[in-house]
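One structure is given here, and the rest of the page talks about it.
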There are 2 protein chains.
Amino acid sequence: MTIGEAAKRAGISAKRVRHYEEIGVLSKAARSESGYRIYDETDVHILRFVNRARNLGFSMAEIKRLVGLWKNRRRASREVKKIAKDHLVGLEQKIIELQSIASTLRHLSDRCSGDDRPDCPILQEIEFSSNK
Amino acid sequence: MTIGEAAKRAGISAKRVRHYEEIGVLSKAARSESGYRIYDETDVHILRFVNRARNLGFSMAEIKRLVGLWKNRRRASREVKKIAKDHLVGLEQKIIELQSIASTLRHLSDRCSGDDRPDCPILQEIEFSSNK
DNA sequence: TTTGACCTTCCCATGATGGGAAGGTTTAGA
DNA sequence: TCTAAACCTTCCCATCATGGGAAGGTCAAA
């Protein structure tokens with residue numbers, strides 16, 4: 001099938017499929033006589049896998065490794081778990097950071113009248129708070 | 001003072017200061033005869049403000065507006081509060097999304113032995129889960 | 001045969017920086 | 001006074017994952 005068909009079946013854009021080939025997540029596609037890329041069910045399967053991993057927030061570098069491990073039936077599950085765990089740790093840190101920021105903003109926002117008056121604790125606190 | 005001094009006092013890099021000028025967060029700096037940018041205390045003050053807003057996760061577009069409002073003593077606090085609230089809503093959505101992803105990953109990770117065996121629920125679930 | 005819907009490669013843009021090159025300026029010390 | 005270090009300048013490239021679009025070739029149906 002053509003790139004457009006494969007992309008549609010995987011639920012992503014053809015642009016992305018070419019990109020995934022370029023960065024090595026997908027191996028180079030076979031070509032028709034006229035130069036069109038040719039895909040089969042296995043490729044669609046991989047593309048779906050990539051898309052789902054992406055929805056779990058994995059970076060393309062991580063996904064590249066995951067696809068490699070996924071193709072290899074003899075890999076140790078340890079490797080996969082390590083990638084997932086590392087990713088999870090990063091996520092958890094990010095969540096804590098965002099929660100801290102959100103909490104600060106809620107505090108500031110609550111104390112701002114938010115009307116026609118110019119007085120604004122939000123600006124004042126951004127202005128005078130310590131860095132970080 | 002020179003750009004290096006101003007940057008140091010604000011706790012950021014000189015690169016960033018030039019960048020902030022380029023995107024209009026900072027107005028164009030005066031120049032010495034030899035073409036060096038010249039800064040004063042007010043500029044350092046603004047740079048610190050920008051850096052703090054950045055630490056609160058505001059985008060440069062939002063910061064640009066905040067700096068504008070901050071300079072204007074007659075602005076309505078409503079405007080500032082709206083920017084902060086909008087930002088907060090975005091943050092909260094992001095947090096929920098990351099928490100959902102983290103929860104899925106924890107679940108997957110817990111069920112993977114993570115040893116020499118090849119069986120790996122993580123890959124299996126990424127493979128067969130529905131999209132999104 | 002024409003037309004429209006594909007496909008190809010290539011370049012540019014995003015956001016907020018950092019890196020580094022090539023070249024000019026200033027400052028401090030020998 | 002000369003020189004070397006430590007600044008400064010602009011300009012271009014890279015990040016990351018993706019979209020937009022141009023210019024041009026291919027294919028399938030009418």
Side-chain angles (χ1 to χ4, degrees), chain A residues 1-26 28-40 43 46-67 87 90-91 94 97 101 131-132, chain B residues 1-26 28-40 43 46-67 87 90-91 94 97 101 131-132:
Chain A
M1 70 191 88
T2 64
I3 195 170
E5 259 181 277
K8 192 172 179 184
R9 293 179 51 127
I12 66 179
S13 70
K15 275 271 189 190
R16 271 209 219 166
V17 179
R18 290 191 199 95
H19 180 60
Y20 292 162
E21 174 178 316
E22 196 179 7
I23 63 176
V25 165
L26 216 62
K28 291 196 177 180
R31 300 290 185 128
S32 72
E33 277 187 23
S34 57
Y36 283 21
R37 286 176 182 80
I38 301 171
Y39 296 90
D40 61 20
D43 295 313
I46 294 173
L47 286 172
R48 287 208 182 110
F49 179 93
V50 171
N51 198 36
R52 284 161 188 158
R54 211 184 61 102
N55 287 340
L56 289 175
F58 287 98
S59 71
M60 291 318 292
E62 288 168 327
I63 291 175
K64 198 168 165 178
R65 280 186 287 154
L66 285 175
V67 171
H87 180 46
L91 274 176
K94 189 73 187 169
E97 189 191 329
I101 294 173
N131 264 327
K132 266 278 173 187
Chain B
M1 71 190 89
T2 65
I3 194 171
E5 259 180 277
K8 192 173 178 182
R9 292 178 51 128
I12 67 179
S13 71
K15 277 267 190 193
R16 271 208 219 164
V17 179
R18 289 192 200 96
H19 180 59
Y20 293 160
E21 175 178 315
E22 196 179 7
I23 63 177
V25 165
L26 215 62
K28 291 197 177 183
R31 301 289 185 128
S32 72
E33 277 187 22
S34 58
Y36 282 22
R37 286 176 182 81
I38 301 171
Y39 297 90
D40 61 20
D43 296 312
I46 294 174
L47 286 172
R48 286 209 182 110
F49 179 93
V50 171
N51 198 36
R52 283 160 189 158
R54 211 184 62 102
N55 288 340
L56 290 175
F58 286 98
S59 70
M60 291 319 292
E62 289 168 325
I63 291 174
K64 198 167 166 179
R65 280 187 286 154
L66 285 176
V67 171
H87 181 46
L91 274 176
K94 189 74 185 169
E97 188 191 329
I101 294 173
N131 265 327
K132 268 277 176 188

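All figures in this text were calculated on a predicted structure; none of them were measured in a lab. Each chain gets a letter, A, B and so on, in the order the sequences are listed, and its residues count up from 1.
A 4.5 Å side-chain heavy-atom check between A:T2 and A:R37 finds every atom pair outside the cut-off. Residues B:E97 and B:K94 meet the side-chain proximity criterion, which asks for heavy atoms closer than 4.5 Å. Considering only heavy atoms from C-beta on, A:M1 stays 4.5 Å or farther from A:I38 through its side chain.
Side chain of B:R65 to backbone of B:M60: no donor-acceptor contact under 3.5 angstrom is found. Remark: side-chain polar atoms of B:K64 are paired, donor with acceptor, to backbone N or O of B:I23 under 3.5 angstrom.
D:dA6 atom C1' lies 19 Å from atom CE of B:M1, rounded to whole Å. The distance between atom NZ of B:K15 and atom P of D:dC7, rounded to the nearest whole Å, is 16 Å.
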Name the pairs: protein N/O against N/O of nucleotides 27-29 of chain D, kept only if under 3.5 Å.
from	atom 1	to	atom 2	distance (Å)
D:dC27	OP1	A:S34	OG	3.0

Considering only nitrogen or oxygen atoms on both sides, find all protein atoms under 3.5 Å from nucleotides 15-17 of chain D and state each distance.
from	atom 1	to	atom 2	distance (Å)
D:dA17	OP1	A:M60	N	2.7

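Among residues two or more places apart in sequence or in another chain, the ring-ring contact (aromatic ring centres under 6.0 Å, His included) test is passed with B:F49 by B:W70. Contacts of A:F58 classified as ring-ring contact (aromatic ring centres under 6.0 Å, His included), with partners at least two apart in sequence or in another chain: A:H87. B:Y20 is linked by a ring-ring contact (aromatic ring centres under 6.0 Å, His included) to nothing, counting only residues two or more places apart in sequence or in another chain.
Residues B:A14 and B:A7 approach most closely at N-CB, 3.6 Å, considering heavy atoms. Residues A:A10 and A:L47 approach most closely at CB-CB, 3.5 Å, considering heavy atoms.
In the 5' to 3' direction, nucleotides of DNA chain C lying under 4.0 Å from heavy atoms of chain B begin and end at C:dA16 to C:dT26.
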